[in-house]
Amino acid sequence: MIHYKAILKVMGGLMMLLGVLMSPSIAFSYYYRSGDQMTLIGSSLICLVVGGTFFYSFAKQDQNIRKREGYMIVAMSWIIMSVFGMMPYIFSGSITAVADAIFETVSGFTTTGATILTDIEQLPEGILLWRSMTQWIGGLGIIVLTVAIFPLLGIGGIELFVAESPGPTSDKVHPRIRETAKRLWYIYVGLTVILVVLYYLEGMSFFDAMNHALTTMSTGGFSTKNASMAYFDNPLIQYTAILFMFLAGTNFTLLYFAFKGRFKRIWASDEFRAYLISLLALIIGIAMAIYYLVPGNPEKILREAMFQVVSLITTTGYVTADYTAYSNGLTVIFFMMLFIGACAGSTSGGIKFIRHLTFVKNSTLEFKRIVHPRAVVPLKINGERVTGKVITHIMNFLLLYLMIFVLGSIVMSIAGYDLITSFGAVATSLGNVGPAIGRVGPVDNFAFFSPFAKLFLSFLMLLGRLELFTILVLFTPYFWRAN
């Protein structure tokens with residue numbers, strides 16, 4: 001039996017939290033006199049009133065959150081946050097169509113960065129900051145935020161954390177999940193503040209620095225400019241963005257160890273080494289290819305290659321160049337990056353390096369098992385043996401990811417879009433990246449899609465952000481059976 005009242009209490013807490021998190025946007029709206037103050041205040045009050053009603057109505061409910069309730073809370077929280085989070089867009093008239101508002105909001109909370117807006121710079125400052133805040137909130141996960149900020153909920157935080165992060169790693173900074181969440185958010189907030197200062201000192205206005213710091217650390221990619229990061233034709237700003245995108249794509253547990261000075265622990269991570277080496281190889285290879293195709297300033301070409309590669313691998317989605325304009329071969333390589341993702345335990349989306357690494361190592365060892373069928377050939381990651389259960393989970397995840405990509409592309413093709421655009425839209429939505437190929441390339445947007453296509457892609461964004469199983473398990477009969 002599922003304890004729905006306990007779930008509704010947590011949903012109420014989340015809505016109240018959402019209302020509070022609209023406060024910075026209200027402050028900026030008043031400061032810039034952008035005319036959207038009452039819109040944001042009204043949206044915040046609705047969240048607080050509705051959330052408070054649910055929270056206090058079920059305040060005395062049993063707080064024993066089991067695995068089923070955990071999965072329902074995670075899935076429902078992202079949906080409810082998206083529905084209530086789109087109110088500022090609708091009430092202000094910045095986005096009038098419901099499907100468009102849902103797409104933009106889901107893209108924000110899932111840190112995808114895809115947009116239906118054709119003229120971002122015309123939006124009022126309060127709405128722009130809220131748009132960036134949705135990505136920052138989603139960056140490390142709404143549930144982790146709630147566990148860190150709302151200990152008064154008294155729920156079994158570990159169940160929620162497992163539901164949101166069903167990946168193969170189980171490292172903990174601290175044995176208590178609440179303390180873990182707090183430490184992760186201290187790092188997240190601290191790096192965001194540092195990045196605001198750096199962007200401002202390097203030439204951005206404070207407002208632009210604030211917005212881009214929020215969306216860089218969340219690996220979201222929303223910008224206040226139509227041209228994205230290409231607007232800031234400043235090498236220092238771009239190198240800073242590259243560095244912090246790289247950090248945001250690193251497992252935050254490793255960043256915690258870095259602040260503690262335990263650098264050997266970082267290099268001991270197989271995933272981090274694969275992440276770093278792959279980035280370097282791709283940057284060098286693509287820079288050489290660009291220089292061959294379009295000879296020019298070596299520093300600018302290297303920076304251009306570095307920015308695009310790091311942005312796509314970390315699923316941030318910023319662009320400083322149209323990477324589809326170089327050649328068909330490079331376009332294919334950039335498209336393949338949509339399926340990689342950075343490290344598990346980071347703010348990035350995608351499949352993650354740990355899964356790719358496990359797959360490659362296991363596939364390599366399979367040849368040895370074929371030659372020596374009686375030998376015991378264990379798979380090891382970070383020097384520790386990976387259990388068969390974890391390997392099976394990863395293989396199932398990869399196969400399911402591929403199946404959803406294929407089926408999603410078929411659905412988009414049936415909806416009337418060309419195959420390249422369908423591939424690109426589905427891959428970037430499922431991987432939470434942002435730009436892709438075809439009509440959704442780095443200089444395009446998603447405005448031309450039909451309402452059905454936008455809602456379908458929004459669903460794929462949620463699937464990808466919650467790593468497939470968290471949502472799909474709700475559609476299975478096993479989940480709803482009493483035993």
Side-chain angles (χ1 to χ4, degrees), residues 1-26 38-91 98 101-102 105-106 108-110 130 133-134 136-138 140-164 176-178 181-182 185 458-459 462 465-466 470-471 473-475 479-483:
M1 180 178 178
I2 298 174
H3 299 157
Y4 291 103
K5 291 182 179 180
I7 293 172
L8 289 174
K9 178 185 176 180
V10 178
M11 292 299 100
L14 285 169
M15 283 186 276
M16 292 170 65
L17 176 63
L18 186 66
V20 172
L21 289 171
M22 289 183 182
S23 301
S25 302
I26 297 171
M38 298 311 299
T39 291
L40 291 163
I41 291 174
S43 301
S44 177
L45 287 175
I46 290 173
C47 291
L48 290 171
V49 171
V50 175
T53 301
F54 278 108
F55 184 78
Y56 291 107
S57 295
F58 303 109
K60 297 181 180 180
Q61 292 303 313
D62 178 19
Q63 300 304 296
N64 183 26
I65 300 294
R66 303 167 302 173
K67 190 171 288 292
R68 291 189 187 185
E69 284 84 3
Y71 278 102
M72 282 199 69
I73 287 171
V74 171
M76 289 178 60
S77 66
W78 288 80
I79 295 171
I80 288 174
M81 286 289 200
S82 297
V83 170
F84 281 82
M86 73 176 182
M87 290 190 300
Y89 297 131
I90 296 291
F91 294 164
V98 173
I102 290 175
T105 310
V106 172
F109 281 123
T110 59
W130 171 241
M133 279 293 296
T134 59
W136 193 77
I137 295 166
L140 207 53
I142 295 170
I143 299 303
V144 178
L145 172 66
T146 306
V147 174
I149 303 299
F150 273 78
L152 58 91
L153 290 178
I155 61 177
I158 188 64
E159 294 292 347
L160 301 185
F161 192 79
V162 169
E164 189 182 27
R176 293 184 60 188
I177 191 63
R178 188 179 300 162
K182 285 181 180 179
W185 271 96
S458 298
F459 175 70
L462 288 171
R465 181 63 180 86
L466 298 180
T470 304
I471 288 184
V473 71
L474 303 181
F475 294 93
F479 184 84
W480 302 99
R481 288 175 184 167
N483 296 313

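Residues Leu18 and Phe84 share a closest heavy-atom pair of CD2-CB, 3.8 Å. Between Ser25 and Met133, the shortest heavy-atom distance links the atoms OG-CG, 4.4 Å. Between Thr470 and Leu466, the shortest heavy-atom contact is OG1-O, 3.1 Å. The minimum heavy-atom distance linking Cys47 with Met87 is given by the pair SG-CE, 3.6 Å. Heavy-atom minimum distance, Met15 versus Gly51: CB-CA, 3.7 Å. Here the shortest heavy-atom pairing between Ile80 and Met11 reads CD1-SD, 3.4 Å.
Thr39 has its side chain out of reach of Trp130: every pair of non-hydrogen atoms, C-beta onward, lies at least 4.5 Å apart. Put simply, the side chain of Phe109 reaches to within 4.5 Å of the side chain of Met81, judged on heavy atoms. Counting only heavy atoms from C-beta outward, the side chains of Tyr56 and Met16 approach each other to under 4.5 Å.
Residues passing the side-chain contact (heavy atoms from CB on, under 4.5 Å) test with Phe479, sequence neighbours excluded: Ile2, Arg68, Tyr71, Met72, Val473, Leu474, Thr476. Shown here are the side-chain contact (heavy atoms from CB on, under 4.5 Å) partners of Val20, two or more places apart in sequence or in another chain: Leu48.
Partner of Ile79 under the side chain to side chain contact (heavy atoms under 4.5 Å, CB included) criterion, out of Ile471, Leu462, Val106, Ile102: Leu462 alone.
Ser82 places a side-chain N or O within 3.5 Å of a backbone atom of Trp78 that can act as its donor or acceptor partner.
For the atom pair Met86 CE and Thr134 OG1, the distance stands at 13.5 Å (nearest 0.5 Å).
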